[in-house]
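Inspection log for the structure reproduced underneath, given as structure tokens.
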2 protein chains.
Amino acid sequence: MSGIISNVNIIVSDKIFLKNPESSLLGRRIISGSIDLIDEVGFECFTFRKLAMQIQSTEASVYRYFENKQRLLLYLSCWYWGWLEYRLVFRMANIDSAEERLNRAIHLFAERVEEDGSFEHINEVKLNRIVISESSKAYMNKLVDEENKIGAFAAYKQLVERVSKLVLEIKPDYKYPHMLISAVIEDAHQQRFFAEHLPKLTDSIKGEDSIVEFHKDLVFKALEIK
Amino acid sequence: MSGIISNVNIIVSDKIFLKNPESSLLGRRIISGSIDLIDEVGFECFTFRKLAMQIQSTEASVYRYFENKQRLLLYLSCWYWGWLEYRLVFRMANIDSAEERLNRAIHLFAERVEEDGSFEHINEVKLNRIVISESSKAYMNKLVDEENKIGAFAAYKQLVERVSKLVLEIKPDYKYPHMLISAVIEDAHQQRFFAEHLPKLTDSIKGEDSIVEFHKDLVFKALEIK
DNA sequence: CGAATATAATAGTATTACTATTAAAATAAA
DNA sequence: TTTATTTTAATAGTAATACTATTATATTCG
């Protein structure tokens with residue numbers, strides 16, 4: 001995918017950061033540097049000190065943008081969900097058939113992410129890897145309710161809501177639209193991780209992207225289409 | 001569920017621990033204490049020092065059983081998967097119909113866990129909560145391939161393999177049996193977490209356990225049964 | 001221009017993860 | 001039974017990490 005529109009910003013709730021990293025050069029270097037570093041060493045080995053060294057700044061300066069590394073990870077996740085929704089809206093634009101729109105949504109959730117040139121300081125491929133293997137650490141903790149209160153998951157919920165409505169448009173009496181969509185989104189990520197590290201938990205068929213095909217099959221059968 | 005058989009042990013790969021916690025009183029206190037403490041404060045705030053204080057021992061003594069807290073968490077996860085498989089085999093015993101066996105498997109994966117009296121030093125309800133919200137931290141990291149090599153996921157893979165075979169027994173040409181089962185297992189946990197903390201991502205219908213019903217509906221439609 | 005404000009760097013502290021070493025207890029061999 | 005060996009646990013650390021108080025340096029704005 002190549003950049004859709006230049007000069008577009010993904011908006012992230014301003015409760016997540018102390019100072020908006022989009023607002024300064026250092027802020028953007030914090031984002032791009034943290035994406036590189038987390039992807040390289042993993043979230044547990046990632047520290048603000050190492051990040052500061054990599055971007056030629058100081059630990060204390062990073063702390064002026066984010067309260068702690070969990071918040072930074074939460075920021076990256078939020079940005080990612082916002083970005084996904086932006087691309088979702090684009091891909092569904094001007095498509096009349098609801099079924100085709102749903103098909104495109106599943107594709108977007110399940111397919112391998114490719115470089116998107118729209119955002120200079122963000123490497124979307126690395127960010128996708130981070131969201132797959134690290135993002136649960138941003139919300140699977142005792143602070144989740146607090147984070148939820150400050151709107152950290154608004155983008156994610158909105159994304160699920162949007163596609164759930166589409167599900168109901170196709171099959172108004174389907175009982176579990178939200179579960180179906182959140183399951184597909186989460187599982188698509190999970191299966192990418194499994195495919196790479198625990199392939200016995202997956203099925204791979206050559207000539208197709210099985211993660212995409214599995215989820216399409218699952219959803220359309222759940223909605224009794226075709 | 002009440003204890004099936006007394007004097008049964010769930011076997012965990014001996015590469016995960018330095019000394020088998022089942023082999024001593026202190027070891028069992030480490031297990032039961034860590035379950036209580038992780039459930040109470042979460043994995044990030046859990047430390048061997050706090051655990052030692054709680055069980056009236058020392059940090060160094062805990063380190064004689066487990067290399068680090070991630071390994072202890074991995075042990076708890078492995079024990080849980082072993083326990084699940086043990087219960088799965090029991091529940092499917094003497095049931096002729098493959099469909100009914102699959103139905104029981106999905107139930108087991110998706111239903112709320114209740115106290116099982118079989119293992120004195122393990123509180124299964126708390127352990128289930130830990131597996132739901134913390135276990136991904138045991139394998140979603142840069143060491144997953146190493147952990148996989150030492151057999152840390154053998155029980156999990158065996159569980160998925162067992163039910164995947166059952167899927168193929170019912171529908172031999174189904175293309176994604178492993179994905180279907182690993183998706184159900186993971187998603188059932190995920191949805192329990194969502195239901196508690198991010199209910200907008202789920203659907204709840206009173207009078208039924210929607211997490212169980214959703215997954216049954218999903219699987220049986222995927223296999224085109226009924 | 002000067003005052004107010006924002007930004008970043010220095011230099012810390014408290015906590016955490018982990019280890020080297022020693023003491024005590026349990027077990028095995030003579 | 002006594003001595004040797006091994007196992008287990010406690011003491012007392014170290015190095016790294018997460019985070020903060022304070023000061024210095026820019027930048028902005030009236």
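Each chain gets a letter, A, B and so on, in the order its sequence line appears, and its residues count up from 1. Below, all heavy atoms of this structure are taken into account, side chains as well, without hydrogens, waters or symmetry copies. The structure presented is a predicted model; accordingly, all values stated were derived computationally and were not measured.
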> Which residues, if any, of residues 19-27 of chain B bring a heavy atom under 4.0 Å of DNA chain D?
Replying inline: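 Heavy-atom contacts with DNA chain D come from B:Lys19, B:Leu26.
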> What residues form a salt bridge (charged side-chain N to carboxylate O under 4.0 Å, His left out) with A:Glu40, not counting sequence neighbours?
Replying inline: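 Partners of A:Glu40 by the salt bridge (charged side-chain N to carboxylate O under 4.0 Å, His left out) criterion come out as none, since no residue qualifies.
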> Excluding sequence neighbours, so at least two apart, what forms salt bridge (charged side-chain N to carboxylate O under 4.0 Å, His left out) with A:Glu22?
Replying inline: none
> Could you walk me through whether A:Glu134 and A:Lys137 pass the salt bridge (Lys or Arg N to Asp or Glu O under 4.0 Å) check?
Replying inline: CA-CA 6 Å; A:Glu134 315 288 357; A:Lys137 296 160 194 168; 2.4 Å; yes
Under 3.5 Å, is there a donor-acceptor pair between the [X] and [Y] side chains?
X	Y	answer
B:Tyr80	B:Ser135	no
A:His178	A:Glu161	yes
A:His197	B:Asn148	no

Using whole Å, report how far [atom1] of [X] lies from [atom2] of [N].
X	N	atom1	atom2	answer
A:Phe66	D:dC19	CZ	C1'	16 Å
B:Ile30	D:dT8	CD1	C1'	11 Å
B:Arg64	D:dA9	CZ	C1'	7 Å
A:Leu51	D:dA18	CG	C1'	14 Å

>> Filter on side chain to side chain donor-acceptor pair (under 3.5 Å), then keep only pairs touching residues 27-38 of chain A, sequence neighbours left out; what's left?
In response: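 Listed by first then second residue: A:Asp36-A:Lys126.
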> Has B:Lys69 got its NZ or CZ under 6.0 Å from the middle of the six-membered ring of B:Phe43, at an angle within 45 degrees of the ring axis?
Replying inline: yes
> Under 3.5 Å, is there a donor-acceptor pair between the side chain of B:Asn68 and the main chain of B:Gln70?
Replying inline: yes
Pairs under 3.5 Å (N/O, protein and nucleotides 13-17 of chain D):
none

>> Side chains of A:Glu213 and A:Ile205, heavy atoms from C-beta outward: is any pair under 4.5 Å?
In response: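 Answer no - side chains too far apart.
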> Do the side chains of B:Pro21 and B:Phe66 get nearer than 4.5 Å, heavy atoms only?
Replying inline: yes
> Is the distance from OP1 or OP2 of D:dA10 to the nearest side-chain N or O of B:Ser61 less than 4.0 Å?
Replying inline: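 So the side-chain polar atoms of B:Ser61 do come within 4.0 Å of the phosphate oxygens OP1 or OP2 of D:dA10, strictly under.
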>> Can you give me the first and the last nucleotide of DNA chain C (5' to 3') that has an atom within less than 4.0 angstrom of a non-hydrogen atom in chain B?
In response: C:dT16 to C:dT19
